[in-house]
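What follows is a set of notes on a single structure, which appears directly below.
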Amino acid sequence: MSKEERIEKLEQEIMACTKCSLHKTRKNVVVGAGSLDTGVMFIGEAPGFNEDMKGEPFVGRAGGVLDRLLKSVGLERKDIYIANILKCRPPGNRNPTGEEIRACTPYLDEQISIIRPRVLATLGSFPMSYVFGKFGLKEDKIGMVHGKVFSISNLAGIRKIVPLYHPAVATYNPGRMAMLLDDFKVIGELLEGEAKG
Ligand code: URA
C-alpha cells in the first residue's frame, strides 16, 4: 500500500474511534494534515475549539503563531505534517488524561511510522513527554531542553527529536515570540542539512 492509502485507511479508523469518552463530546475528529513526504513532522497536544469545529489541526490563534514560525524558516503547512497526541478535543481544553493518551497514541505511532520523518518536533510538554518516552530519552523539563536536538537511532534510521514550546505561549505572552523564533531556527538548519545530504 502507498503512504496515501495507508493514511487514508488509518483516517477512516480514527474517524470511527470510540476508545475513550472524548468521542461523545467532539464535533470533529482532527486526524492530522500536511505532506506525507515531509522531512519534519510536528506533534501538538490536542484539538482546541477551532480545530474541533473545522476538523483540522492548528487553525486557531496558536495556529497563526505556528504559521509565523514556519514562515521564519521558509516553510508552509504544505511542507510539513502536523498531528496531535489526542485526535479529539478535551472539553474546555483541559489537559489530556493518561487514559486518553494511552487510547489515542497508537494512532500517532502509526502516523509516524507511515510518514517516517527525519525530524520530529514536539510542541509543548505533553507531546515532548510522550515522544521522549517512546524513543527512550530521559524525561526533562521543557524549560531545560527546548530548541535542543536529540539524536536517536532505531530501525528506521537516525531521527532527530526537537522539543519546542507550544506556540500558544506567544498568544498569552507575546514577549516569548523571540524565544520561539530562535528555537525554530534549528528546524530550518536540520532540514537544510538533510537537503544537502
Ligand atoms: N493546540 C494543539 O496542541 N493542537 C491543535 O491542533 C491546536 C491547538
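To the nearest 0.5 Å, atom CD1 of residue I142 and atom CZ of residue F126 are 11.0 Å apart. Atom CG of L180 and atom NE2 of H146 lie 9.5 Å apart (nearest 0.5 Å). Between the OG atom in S151 and the CG atom in L190 there is a gap of 8.5 Å [rounded to 0.5 Å]. Here K148 contributes atom NZ and L164 contributes atom CG; the two are 13.0 Å apart, rounded to the nearest 0.5 Å. Rounded to the nearest 0.5 Å, atoms OG (S72) and CG (D182) are 10.0 Å apart. Between the OG atom of S125 and the CD atom of E139 there is a distance of 9.0 Å, given to the nearest 0.5 Å.
Taking every heavy atom of both residues into account, P127 and G44 meet most closely at CG-O, 3.4 Å. Looking at every heavy atom in both residues, F58 comes nearest to P167 through CE2-CG, 4.0 Å. Nearest heavy-atom pair, C88 versus A46, reported as atom, atom and distance to 0.1 Å: O-CB, 4.4 Å.
Looking at heavy atoms from C-beta onward, D183 lies out of side-chain contact with V162 at the 4.5 angstrom threshold. Put simply, the side chain of V65 reaches to within 4.5 Å of the side chain of M177, judged on heavy atoms. Side-chain contact check for V145 versus M128: some heavy-atom pair is nearer than 4.5 Å. Contact annotation: the side chain of L66 approaches that of I82 to within less than 4.5 Å [non-hydrogen atoms, C-beta and beyond]. Side-chain contact check for L120 versus K160: every heavy-atom pair is 4.5 Å or farther apart. Taking 4.5 Å as the limit, every side-chain heavy atom of K27 sits out of range of all side-chain heavy atoms of R89. Between I112 and I43 the shortest side-chain heavy-atom distance falls below 4.5 Å. Looking at heavy atoms from C-beta onward, L86 lies out of side-chain contact with N84 at the 4.5 angstrom threshold.
Proximity of the aromatic rings of F150 and F135 is defined here by a centroid distance below 6.0 angstrom, and this criterion is not met. Ring centers of F42 and F184: under 6.0 Å apart, within the cut-off.
Annotation: K3, atom NZ; neighbour count of heavy atoms from other residues, nucleotides and ligands within 6.0 Å is above 12.
Using a distance-only test at 3.5 Å, with no hydrogens or angles considered, no donor-acceptor pair links the side chain of T38 to the main chain of S35. R159 places a side-chain N or O within 3.5 Å of a backbone atom of P117 that can act as its donor or acceptor partner. Q12 places no side-chain N or O within 3.5 Å of a backbone atom of K9 that could act as its donor or acceptor partner.
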Donor-acceptor contacts under 3.5 Å from residues 102-109 side chains, at least two apart:
residue: T105; atom: OG1; partner: I101; partner atom: O; Å: 2.6
residue: D109; atom: OD1; partner: Y130; partner atom: OH; Å: 2.6
residue: D109; atom: OD1; partner: K134; partner atom: NZ; Å: 3.4
residue: D109; atom: OD2; partner: Y130; partner atom: OH; Å: 3.0

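Residue pairs meeting the salt bridge (Lys or Arg N to Asp or Glu O under 4.0 Å) criterion with at least one member in residues 48-74, sequence neighbours excluded: D67-R77.
Remark: R176 qualifies as a cation-pi partner of Y165 under the 6.0 Å distance and 45° angle criteria applied to the six-membered ring.
F49 and V59 fall into different hydrophobic clusters, defined by Ile, Leu, Val, Met, Phe, Trp and Tyr side-chain heavy atoms under 4.5 Å apart, directly or through other members. Both L191 and L123 are assigned to one and the same hydrophobic cluster, defined by single-linkage of ILVMFWY side chains at heavy-atom distances under 4.5 Å. Linking Ile, Leu, Val, Met, Phe, Trp and Tyr whenever their side-chain heavy atoms come within less than 4.5 Å leaves M1 and L36 in two separate clusters. Under a hydrophobic-cluster definition in which Ile, Leu, Val, Met, Phe, Trp and Tyr are linked whenever side-chain heavy atoms come within less than 4.5 Å, directly or via other members, M53 and V31 are assigned to different clusters.
A side chain to side chain donor-acceptor pair (under 3.5 Å) with K87 holds for exactly one of H23, Q111, E100; it is Q111. Checking each of V30, V29, N28 against R26 for a side chain to side chain contact (heavy atoms under 4.5 Å, CB included) leaves exactly one that passes, namely V29.
Remark: D79 pairs with no residue by the salt bridge (charged side-chain N to carboxylate O under 4.0 Å, His left out) rule, at least two apart or across chains.
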